[in-house]
Every structure is written in structure tokens, then in C-alpha cells.
Amino acid sequence: MDGRVEENGGGDVSEWKKVAELRAVAEAQDPAAKEEDDIALRRFLRARDHNISKATAMLLQYLSWKRSTKPHGFISDDQVRGEIAKNRDHMQGFDRLGRPLVYLYAARHYPVRRDFEELKLYVSYVLDKICTRLPVGQEKFAAVIDLGGWGYSNCDIRGYLMGLDIMQSYYPERLGQVFLIHVPYMFMAAWKVVYPFIDEKTRKKFVFVADRDLDATLKDAIDESQLLEEYGGKLKLQGYDNSPLSMASK
């Protein structure tokens, strides 16, 4: 399979020339780069500010990770069935920019009850599922992280850093925006530990929403028809048995 695509989806001529240069350099070192399309290579290029050397290193690291983590090309439901059953994530609706939404309920995560290796696979599993919902022409997703009820028993610094590393290293330029809502004061201690590990450009995508601004902020970013009822919208939350993740596990 040849990953080359027509020069569409935005970007100027000089950028596409750099994509071609990145492809030539990467394919010379790892033939598996041929399987990645030009749009994907462009994301790696943009993630490294169009520096060919840095983008090549990042892409080669990704290809190596992909071979070891997804030798069959995907992560199976059985590999992460324990994480799926925790019903921590819901994928429903789109924001006003057409980005698919994922809602994460942080208080449903307990590090003492998780298998770290399975959690690593689950992070990639969820990101892959989100990416399958991307409309044509859209490369990014948005997230709402609900921290209501979050306490020290839910705090998982190691897990947070791992998730960030996977997203930033292997899914570059996929994250559009994250709204952190119902944030308890104690969470800020964990955030101070995690913050230095977030890429500078990615930091700007995290938005802390005060409870008094929650309704206005979410409705400004998400049409009521696409916003869950619990946040003032008209979209009914799918039960666990009908959610995209649980359906995948059947």
C-alpha cells in the first residue's frame, strides 16, 4: 500500500514538499513508513514545527511502537475488556467545529484496581476508537473530562503521564481541545505534577471551566443537540450496553 495522497486537506505547497521529504527520509530507514498516508505524516511534521530531522525521529519511534503494541494492526477488545467494563468513557456527539466528542469520568478510575499494562493498551484503544469517528476533513477530537467526585483515591500520576506520553508521541495533532469541569481544589496538586510534561502547544488546549461558567462555556463550544443532557444539552447519554466502547467489546 502506498501512503501518498493528493495534496488536499489544506496546507501550502511548501508544507507538502516537506511531507514528501519526510517520507523519503523515513522510508529509507523504515519501509513501514510507506503504510502511513501523507496526512498522517503531515501531523508528525507539524508536531515538530516542520523540522524534518525531529519529525523523522518521532515518526520512526511511532512505527516501532506500532509494531510492538499493535502487531496485528489493532488492539482487540479482549485485550482491554477489564478497562472497557469500568464504563469510564462515552463517545457521543460533535462540537461546533465538527470534532467528535469523548466524555471521561475521572472519578471512576481507581489506580489500585487497574492493571498498568492493560491501561496502556486501553489508552491507545480509546484513541483509535475516537479517530474512527473523525469526519472526512477533520483530524482532531475534543474531550470533556468531568472531575466531579474525584479524590485522592482516584489520583494516578503514573497513569496520567503515561496517557499523555502516548497521545503526544503516537497520536500527534489529534487533540483539539479538552474541557476540565467540576474540578476539585485538590486536583490542582496533581495538575502541578503533570503540567511540566505537557507539550507547550498542547497546554493551550486544556481549558479549566469554573462551575459558574460551565453552561455558557460548553454551549458556546457544543450545540445543544450534541451536548449531553447532564450538561444542559439535549443528547441522551447512551447506556453502557449501547456505548461505542461497550458495543465494540461484544
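Computation of the quantities below employed the complete heavy-atom set of this structure, encompassing side-chain atoms and omitting hydrogens, waters and symmetry-equivalent molecules.
- A 6.0 Å sphere centred on CZ of Phe208 holds more than 12 heavy atoms belonging to other residues, nucleotides or ligands.
- Between the side chain of Arg99 and the main chain of Ala143, no donor-acceptor pair closer than 3.5 Å is present.
- Judged by distance alone, the side chain of Ser64 and the main-chain N or O of Gln61 form no donor-acceptor pair under 3.5 Å.
- For the pair Val209 and Leu218, the minimum side-chain heavy-atom distance is 4.5 Å or more.
- Using modelled atom types, one side-chain atom of Arg108 and one backbone atom of Asn87 make a donor-acceptor pair closer than 3.5 Å.
- Arg203 forms a cation-pi arrangement with Tyr195, by the criterion of a distance under 6.0 Å to the ring centre and an angle within 45° of the ring axis.
- Look at Lys66 and Glu35 and you find no salt bridge, because none of the NZ, NE, NH1 or NH2 atoms lies under 4.0 Å from a carboxylate O.
- Contact of the Trp150 side chain with the Met186 side chain is registered, since non-hydrogen atoms from C-beta on lie closer than 4.5 Å.
- For the salt bridge (Lys or Arg N to Asp or Glu O under 4.0 Å) with Glu173, the lone residue among Arg43, Arg46, Arg48, Lys140 that qualifies is Lys140.
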### Task
Assess whether salt bridge (charged side-chain N to carboxylate O under 4.0 Å, His left out) is satisfied between Arg114 and Asp156, documenting all intermediate values.
CA-CA 10 Å; Arg114 57 109 164 106; Asp156 188 1; 2.9 Å; yes
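- Residues Val102 and Met91 meet the side-chain proximity criterion, which asks for heavy atoms closer than 4.5 Å.
- Although no hydrogens or angles enter the test, the distance criterion places no donor-acceptor pair under 3.5 Å between the side chain of Arg88 and the main chain of Ala106.
- The backbone N or O of Leu45 sits nowhere less than 3.5 Å from a side-chain atom of Lys18 that would complete a donor-acceptor pair.
- A donor-acceptor contact shorter than 3.5 Å links the side chain of Glu118 to the backbone of Glu83.
- Using a cut-off of 4.0 Å between Lys/Arg side-chain N and Asp/Glu carboxylate O, Lys201 and Asp49 are scored as salt-bridged.
- Ring geometry for Trp65 against Tyr170 counts as parallel: the plane angle stays under 30°, on a 0 to 90° scale with 60° as the upper cut.
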